[in-house]
Amino acid sequence: MLQVNYIRENREKVLERLSIRNFKQPELVDEIIKIDEERRQTQTSLDSISAEANAAAKQIGDLMRTGKKEEAEAIKAQTTSHKENIKGLSEKLAELETSQFNLLVQLPNLPGELVKKGSTAEENETIYTYGEPAKLPGKALPHWELAAKYDIIDFELGVKITGAGFPVYKGKGARLQRALINFFLDHAVDAGYKEMQVPHLVNAASGFGTGQLPDKEGQMYHSTVDDLYLIPTAEVPVTNLYRDVILKEEDLPIRNTAYTPCFRREAGSYGAHVRGLNRLHQFDKVELVQITHPDQSYETLEQMSEYVQSLLKELGLHYRVLRLCGGDMGFTSAMTYDMEVWSAAQERWLEVSSVSNFETYQTNRLKLRFKGATGKTQLAHSLNGSALALPRIVASILENYQTENGIKIPEALVKYTGFDRID
RNA sequence: GGAAAGCUGGCAGAGUGGUCGAAUGCGGCAGUCUUGAAAACUGUUGACUGUAACAGGUCCGGGGGUUCGAAUCCCUCGCUUUCCGCCA
């Protein structure tokens, strides 16, 4: 959520930045400023009447204590109008605050300086490409056929016990999952992240803190009996660890990592691009979350991007890095890098990681602040990235490492899987 | 699932209608002392809003009510803890 004061004092800049995203409702900005004007006037009136009422109440108290009952009663008679005024103004203020809030949550984050204007994925900038497409045998298979051939991932069985998008991993397939999780966690810890294990269900306040609520309510599974949401990513619980927290400046940066399953309803998805492991309702992911000083966040974003790339290199995958254009970025992000791995068998790029700087968009909602040397509290910056999401990495490994006689396991993974070939 | 107690500042904890944004202790910060540290002592130390700066306003789990006045009384919701039951 953007800060009202910032919007009020930087109207032109806000509009200019929103246009980078091709944001469709720039008029919201002026509506917010207008309501804010009225809100502040109402607040001022309410404050001064409250001050009068407080003074009168105090006076009555003093008079009562000194036994001057008649005088107290006289003042009491005069103060009845305060009550109504205060009630009226409070209600008006509450209404204004609600409407302002409802408008504010509709504004996405402002893109950072490096972000290019654009509206679709085609306008993303490819800023780096690594490796070469894998050379595959003549009849290369997509991963869903490989999964069936070697009986390592069973989509039908998942349909039987739950539904589409909930695969069952079997034998070496299951072992590969576990190996990847350990591989990713070990590397994250080696890179200085602290491993956390967090709840997989969160309350509404947490959903709001990281921006899933109210915008993406329909994307989360919701246990209505208990009013808890299944996490769509570890970002939600891990970032919310710091909700309503004022850190010390020397505590920054905070670098956490967590493995969790992720649950996404993916309402409205369909077609060839969601086949097999490409899009699931439940999948595993190791996530990185950092809380940094505002001066450090873009440098940190680069470091996180480098780190994710180091994993892909170690797995020997041909990938590219995109800097998303304004229109393709997530609602809450100020700048995002996507890492995509080339799938030779599907002949398309698969997004395997997304690393974003949210600047103060999340921390403003979370009230995640730090106290600097000056003693002044200010909002920290939050960042996160997948390192990595399993399904498409599994798909990439299966497809790009397939041979005539089985699937080769990337060298770096063998000590985790305990086998070097799936056949 | 049943019963009870509780929710106050970074933490512990006092406070049952006005002098309470809130005692006291711990912690934090600054200083005195010390070669340095510890101890001791002194001072200081909540957040939000607002102002050029003062002032002012709001916040004692959330919401509502009673009252001139609510941390304190009433209603309601939420949460936590303890005991019993069940159970990995």
Side-chain angles (χ1 to χ4, degrees), chain A residues 1-9 32-33 35-102 104 197-209 213-214 222-229 237 240-252 254 261 291 360 362-380:
Chain A
M1 195 160 65
L2 300 177
Q3 293 163 272
V4 195
N5 289 354
Y6 184 84
I7 296 175
R8 190 172 68 223
E9 287 157 23
I32 287 167
I33 292 172
I35 288 183
D36 191 52
E37 188 68 29
E38 199 180 345
R39 196 202 96 234
R40 288 188 301 149
Q41 278 174 16
T42 309
Q43 180 79 63
T44 306
S45 313
L46 178 61
D47 285 358
S48 57
I49 293 178
S50 298
E52 282 178 37
N54 287 345
K58 194 163 198 166
Q59 213 181 337
I60 291 167
D62 290 341
L63 291 170
M64 294 291 250
R65 221 169 308 110
T66 50
K68 296 175 183 162
K69 220 164 180 183
E70 296 77 26
E71 286 179 51
E73 289 299 329
I75 295 172
K76 227 193 249 195
Q78 292 166 20
T79 56
T80 46
S81 68
H82 284 143
K83 245 185 149 176
E84 282 171 35
N85 286 336
I86 287 174
K87 195 179 161 107
L89 285 168
S90 300
E91 280 168 7
K92 187 179 173 193
L93 187 64
E95 275 171 35
L96 288 166
E97 281 172 349
T98 304
S99 359
Q100 184 172 60
F101 176 83
N102 289 339
L104 270 174
Q197 202 169 99
V198 291
H200 300 165
L201 280 85
V202 294
N203 55 31
S206 296
F208 174 78
L213 296 175
H222 185 196
S223 170
T224 50
V225 189
D226 298 298
D227 195 22
L228 294 173
Y229 295 85
N240 272 281
L241 295 172
Y242 305 93
R243 171 153 49 84
D244 292 321
V245 167
I246 300 176
L247 295 161
K248 294 194 205 103
E249 186 165 351
E250 60 263 32
D251 294 336
L252 300 174
I254 284 173
I291 312 295
T360 59
Q362 290 184 329
T363 55
N364 187 33
R365 290 183 171 212
L366 292 160
K367 296 195 175 41
L368 198 185
R369 292 160 292 176
F370 70 94
K371 203 185 281 261
T374 57
K376 195 169 157 56
T377 57
Q378 58 175 314
L379 293 170

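Letters A, B, ... mirror the listed sequences (proteins, then strands); counts begin at 1. Everything numeric here is computed off the predicted structure, so don't read it as measured data. Atoms considered below: every heavy atom in the structure, side chains included; atoms not considered: hydrogens, waters and symmetry mates.
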Pairing of A:Lys248 and A:Asp251 as salt bridge, 4.0 angstrom limit: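 The answer is no: the pair does not qualify as a salt bridge.
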Using atom [atom1] in both nucleotides, what's the gap between [N] and [M] to the nearest angstrom?
N	M	atom1	result
B:rC11	B:rG61	P	13 Å
B:rA71	B:rG57	P	14 Å
B:rA23	B:rG46	C1'	16 Å
B:rA70	B:rU58	P	10 Å
B:rG62	B:rU72	P	11 Å
B:rC33	B:rA14	P	39 Å
B:rC75	B:rG18	C1'	24 Å

Name the nucleic acid region contacted by A:Lys83, choosing base, sugar-phosphate or nothing; use a 4.0 angstrom heavy-atom cut-off, strictly under.
base
Q.
Regarding A:Thr44, tell me which of base, sugar-phosphate or nothing describes its non-hydrogen contacts under 4.0 Å with the strands shown.
A. nothing
Counting only side-chain N and O atoms of A:Lys87, is one of them less than 4.0 Å from OP1 or OP2 of B:rG65?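 A:Lys87 to B:rG65 OP1/OP2: side-chain N or O found under 4.0 Å.
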State whether A:Arg369 places a side-chain N or O below 4.0 Å from either non-bridging phosphate oxygen (OP1 or OP2) of B:rC48.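 The answer is yes; a side-chain N or O of A:Arg369 sits under 4.0 Å from OP1 or OP2.
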Residues 73-101 of chain A vs ring-ring contact (aromatic ring centres under 6.0 Å, His included), sequence neighbours excluded, gives A:Phe101-A:Phe208
Quick tally for nucleotides 54-62 of chain B: nucleotides whose base has a protein heavy atom under 4.0 Å get B, sugar-phosphate-only ones S, the rest -, giving --BSS----
